[in-house]
Amino acid sequence: MAEELPGSPPEETLSLWKREQARLKARVVDRDTEAWQRDPAFSGLQRVGGVDVSFVKGDSVSACASLVVLSYPELKVVYEDCRMVSLTAPYVSGFLAFREVPFLVDAVRRLQEKDPHLMPQVLLVDGNGVLHHQGFGVACHLGILIDLPCIGVAKKLLQVDGLENNALHKEKIRLLRAGGDSFPLMGGSGTVLGMALKSHDHSTKPLYISVGHKISLEAAVRLTLVCCRFRVPEPVRQADIRSRDYIRRTLGVPGPPASGRERSQKAQRPKACPQWGSEEPAGLEITH
DNA sequence: GCGACAG
DNA sequence: ATCTTGTCGC
């Protein structure tokens, strides 16, 4: 039982979800609320969190929800929480939060009970914030429910409000020269919904950053950039790696531990970056 | 009927 | 999201 999930929720459910998004949307704060967010060096920032949900291959309900906390500026994992969950909602573009957010909220609450001193000061979320059909993506949704600054980090452009991944957009991407270069994503109404960010000198595909909650777009982009050793910022990347490893460790091949080191993420490795030159990607630290 | 579609 | 090795480039 409970192996299949309805391909698409009834129209009535979508209507209820939209109403809920509209209700919570009024609470979003799209500006800096913390002192460290305005500091050029982010002094005062000590912990950055990342969340992700990975799925079991042939199953539409089994998944692993993960929350990691990294120290800043070292970007070392100081907390990790992976848990198998049973999803109750199917994936519908525009309503990702209703599928994943309940389990992410649970993870944050477990941290609050267990190690409140390790609570992150900001959370990078896999998905969009205000760059969304109803202006209320998963990063906003999670931010409101846990009342923490959140940043939406998407790997693909969500084509809403006139935004299109067309030839012009691709040309703008081509013109991004170095890591840190970006351009605004303006919606039809003339509002800047987010920024396309080249997160690394040798990264071809940009990240699509948008405000989730309690942070300005400028600070969101700046923070995302300083968290990038690869294309995807470390908090989100570590959450992804660890949730996938957890699944393999739990249901995967019985033999040796799946990935003896970091893998995943297709072509995100920097070619040669003197900044990180001879880094130590062999760190297998699992604090706690 | 055809294309679009965060994760 | 998931299925996946080697390979090209600096």
Side-chain angles (χ1 to χ4, degrees), chain A residues 5 7-9 14 17 21 50-66 84-85 87-104 124-143 150-166 169 178-179 185 187 193-197 200-212 224 232 236-237 239-241 243-248 251-253 258-259 262-279:
Chain A
L5 228 43
S8 171
L14 295 182
W17 283 354
Q21 290 177 326
V51 291
D52 190 41
V53 177
S54 291
F55 303 80
V56 173
K57 181 188 164 186
D59 199 328
S60 63
V61 302
S62 296
C64 174
S66 69
M84 291 305 299
V85 300
L87 304 172
T88 61
Y91 169 69
V92 181
S93 181
F95 303 96
L96 175 65
F98 294 91
R99 177 168 167 82
E100 304 188 344
V101 129
F103 308 103
L104 301 180
L124 301 203
V125 183
D126 206 333
N128 293 291
V130 299
L131 172 46
H132 178 270
H133 302 68
Q134 282 79 236
F136 192 73
V138 63
C140 298
H141 206 133
L142 180 60
C150 282
I151 298 172
V153 182
K155 296 180 287 298
K156 297 175 185 175
L157 174 66
L158 183 54
Q159 304 187 140
V160 297
D161 197 18
L163 293 174
E164 281 186 291
N165 183 23
N166 54 23
H169 181 79
L185 301 166
L193 300 177
M195 296 284 273
L197 170 71
H200 196 281
D201 284 349
H202 298 276
S203 180
T204 300
K205 301 177 55 166
L207 291 176
Y208 295 95
I209 309 302
S210 59
V211 170
T224 299
V232 175
V236 170
R237 182 166 170 274
D240 176 71
I241 291 173
S243 61
R244 293 165 68 150
D245 271 358
Y246 188 85
I247 287 177
R248 299 192 62 167
L251 313 169
V253 285
S259 59
E262 304 176 348
R263 297 199 103 277
S264 93
Q265 315 271 7
K266 300 139 206 168
Q268 302 189 145
R269 286 219 49 182
K271 308 293 183 176
C273 189
Q275 183 180 358
W276 300 112
S278 51
E279 200 54 57

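Model, not experiment: these values are computed from the prediction. Each chain gets a letter, A, B and so on, in the order the sequences are listed, and its residues count up from 1.
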With a non-hydrogen cut-off below 4.0 angstrom, is [X] in contact with a base, only sugar-phosphate, or nothing?
| X | answer |
| --- | --- |
| Val138(A) | base |
| Asn128(A) | base |
| Phe98(A) | nothing |
| Gly94(A) | base |

Task: Under-3.5 Å donor-acceptor pair between His133(A) side chain and dA6(B) base - done: no

Open item on the list: Can a donor-acceptor pair be found, under 3.5 Å and without considering hydrogens, that links the side chain of Ser210(A) to the backbone of Gly194(A)?
Closed with: no

TODO: Check whether any side-chain N or O of Lys155(A) sits under 4.0 Å from OP1 or OP2 of dA6(B), and answer yes or no.
DONE: no

- [ ] Indicate whether OP1 or OP2 belonging to dA6(B) is found under 4.0 Å from a side-chain N or O atom of Tyr208(A).
- [x] no

- [ ] Heavy atoms only: give me the nearest Gly187(A)-Asp161(A) pair and the separation to one decimal.
- [x] CA-OD2, 3.3 Å

Open item on the list: Which heavy atom of Ser66(A) sits nearest to which heavy atom of Leu104(A), and what is that distance?
Closed with: O-CD2, 4.3 Å

Open item on the list: Which nucleotide wins on minimum distance to the side chain of Lys57(A), given the candidates dG7(B), dA6(B), dC3(C)?
Closed with: dC3(C)

Length of the [atom1]-[atom2] vector between [X] and [N], whole Å:
| X | N | atom1 | atom2 | value |
| --- | --- | --- | --- | --- |
| Phe103(A) | dA1(C) | CZ | P | 18 Å |
| Arg99(A) | dT2(C) | CZ | C1' | 12 Å |
| Arg244(A) | dT4(C) | CZ | C1' | 10 Å |
| Leu124(A) | dA6(B) | CG | P | 20 Å |
| Arg248(A) | dA1(C) | CZ | C1' | 16 Å |
| Phe55(A) | dG7(B) | CZ | P | 11 Å |
| Leu87(A) | dT2(C) | CG | C1' | 14 Å |
| Leu193(A) | dA6(B) | CG | P | 16 Å |

Open item on the list: Can you tell me how the ring of His141(A) sits relative to the ring of Phe136(A), calling it parallel under 30°, perpendicular over 60° and tilted otherwise?
Closed with: tilted

TODO: Answer yes or no: is there an ion pair linking Asp126(A) with Lys155(A), defined by an N-O contact shorter than 4.0 Å?
DONE: yes

